[in-house]
2 protein chains.
Amino acid sequence: MLIGELAERAGTSTRALRYYETHGLLSAARSANGYRVYDDADLRVVREIRTLLGIGFGLDDIRPFVDCLRAGHSSGDVCPDSVAVLRRKIAEVDAGIERMRQVRERLHGQLTVAIESRESTCSSRTC
Amino acid sequence: MLIGELAERAGTSTRALRYYETHGLLSAARSANGYRVYDDADLRVVREIRTLLGIGFGLDDIRPFVDCLRAGHSSGDVCPDSVAVLRRKIAEVDAGIERMRQVRERLHGQLTVAIESRESTCSSRTC
DNA sequence: CCTTGCCTTGACATCGGGGGAAAGGTTTAG
DNA sequence: CTAAACCTTTCCCCCGATGTCAAGGCAAGG
Ligand SMILES: [Zn+2]
Ligand SMILES: [Zn+2]
Ligand SMILES: [Zn+2]
Ligand SMILES: [Zn+2]
């Protein structure tokens with residue numbers, strides 16, 4: 001499997017795959033041409049990468065999962081480093097949710113006040 | 001009031017103030033020197049900008065609020081354009097919260113499965 | 001031979017909100 | 001006179017994941 005086919009099968013671009021390689025997430029054998037040659041294990045790796053990127057992980061966070069997959073485990077989640085990243089990410093997401101909830105409350109309060117004072121402030125003006 | 005004093009009073013940098021100016025959020029009179037000269041209304045504008053930036057608005061979203069302030073209203077929220085941006089932002093925040101909640105559920109599920117299968121999969125290996 | 005379609009590396013552009021530095025003008029105090 | 005402390009404009013840098021050429025090598029079909 002060459003890089004174009006892998007990209008198509010994984011639903012991404014060749015540019016992205018080369019980028020993952022330069023960041024140590026993907027390794028490829030080379031044919032006599034110098035072309036990158038991949039197998040189905042690489043396809044699984046790329047799918048894992050894409051999934052985690054979609055969730056919001058950065059490439060550095062993804063590396064443990066890929067290492068875990070390449071260590072022969074059927075899932076990238078099982079190795080201790082992956083679990084640690086999962087825990088950290090859950091904490092980050094929780095913090096993000098809490099922050100956004102507070103922002104939402106604040107916005108809703110501003111909106112309410114703005115709507116209430118719109119008649120008395122705004123409608124008698126040009127704006 | 002010159003730019004350094006405004007920056008200090010608003011809790012930001014001169015660089016940021018010039019940046020806001022180039023993006024149409026702030027306007028300054030010039031003294032004979034060519035120095036930017038500000039007044040208290042500008043201080044209120046900058047405080048509004050900083051507040052909204054802190055909430056997560058982009059500069060383009062902030063422009064209606066600034067225009068509203070400069071139109072003489074005591075609050076930047078009351079003009080229709082500001083209200084529209086507020087509504088849109090609330091919707092965006094709601095969508096973001098929902099997305100993060102789903103991500104959280106997914107991560108928690110992965111973590112649970114990973115911990116359960118860690119003994120049977122991982123501890124008998126080198127990893 | 002020529003075109004087409006793969007592949008290679010390398011390098012520049014993007015987005016947002018600035019940071020930091022260069023190179024110079026102005027004013028005030030010592 | 002000079003140093004300090006302001007101010008001015010202009011330009012390059014950052015992050016992260018990718019798009020997008022550019023310039024060229026390799027294989028296969030007409
Ligand atoms: Zn393991
Ligand atoms: Zn409501
Ligand atoms: Zn109004
Ligand atoms: Zn739990």
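Just so we're on the same page: letters track the sequence lines, and every chain starts at 1. Being a predicted model, the structure only gives us computed values, none of them experimental.
Rounding to whole angstrom units, CD of residue A:Glu5 and P of C:dG5 are separated by 18 Å. Computed from coordinates, the B:Leu2 CG to C:dT26 C1' distance equals 11 Å when rounded to whole Å. Atom C1' of nucleotide C:dC7 and atom CE of A:Met1 are separated by 16 Å, given to the nearest angstrom. Following rounding to the nearest Å, A:Ile55 (CD1) and D:dG16 (P) show an atom-to-atom distance of 19 Å. Atom C1' of nucleotide D:dC15 and atom CG of A:Leu59 are separated by 13 Å, given to the nearest angstrom. In this structure, B:Ile49 places its CD1 atom 13 Å from C1' of C:dG18, rounding to the nearest Å. For the pair B:Arg36 CZ and D:dC6 C1', the computed distance is 14 Å after rounding to whole Å. The nearest whole Å value for the distance from the CG atom in A:Leu17 to the P atom in D:dG19 is 10 Å.
Closest approach to the B:Arg50 side chain among C:dG18, D:dG19, D:dT18 is made by C:dG18 (side chain taken as heavy atoms from C-beta onward). The side chain of A:Arg15 has C:dC12 as its nearest neighbour among C:dG18, C:dT8, C:dC12. Ranking C:dT8, D:dG25, D:dT8 by closeness to the B:Arg18 side chain, first place goes to D:dT8. Proximity note for A:Tyr35 (side chain, C-beta onward) versus C:dG18, C:dT26, C:dC7: the nearest is C:dC7.
At a cut-off of 3.5 angstrom, the base of C:dG18 holds no donor-acceptor pair with the side chain of B:Tyr20. Residue B:Tyr19 places a side-chain atom within donor-acceptor reach of the base of C:dG17, judged by atom type and a 3.5 Å distance cut-off alone.
Ionic pairing of A:Lys89 and A:Glu92 is present here: one or more N-O contacts between side-chain nitrogen and carboxylate oxygen are shorter than 4.0 angstrom.
Between A:Val85 and A:Phe65 the shortest side-chain heavy-atom distance falls below 4.5 Å. Side-chain contact between A:Leu111 and A:Leu107 is absent, with no heavy atoms from C-beta onward closer than 4.5 Å. Side-chain atoms of B:Asp67 and B:Asp81, non-hydrogen and from C-beta on, never get closer than 4.5 Å to each other.
The phosphate of D:dG25 has neither OP1 nor OP2 within less than 4.0 Å of any side-chain N or O from A:Asn33.
No engagement by A:Thr14 is indicated, since no non-hydrogen atom pair under 4.0 Å with the nucleic acid exists.
For B:Arg50 and B:Tyr20, the side-chain atoms include at least one donor-acceptor pair closer than 3.5 Å.
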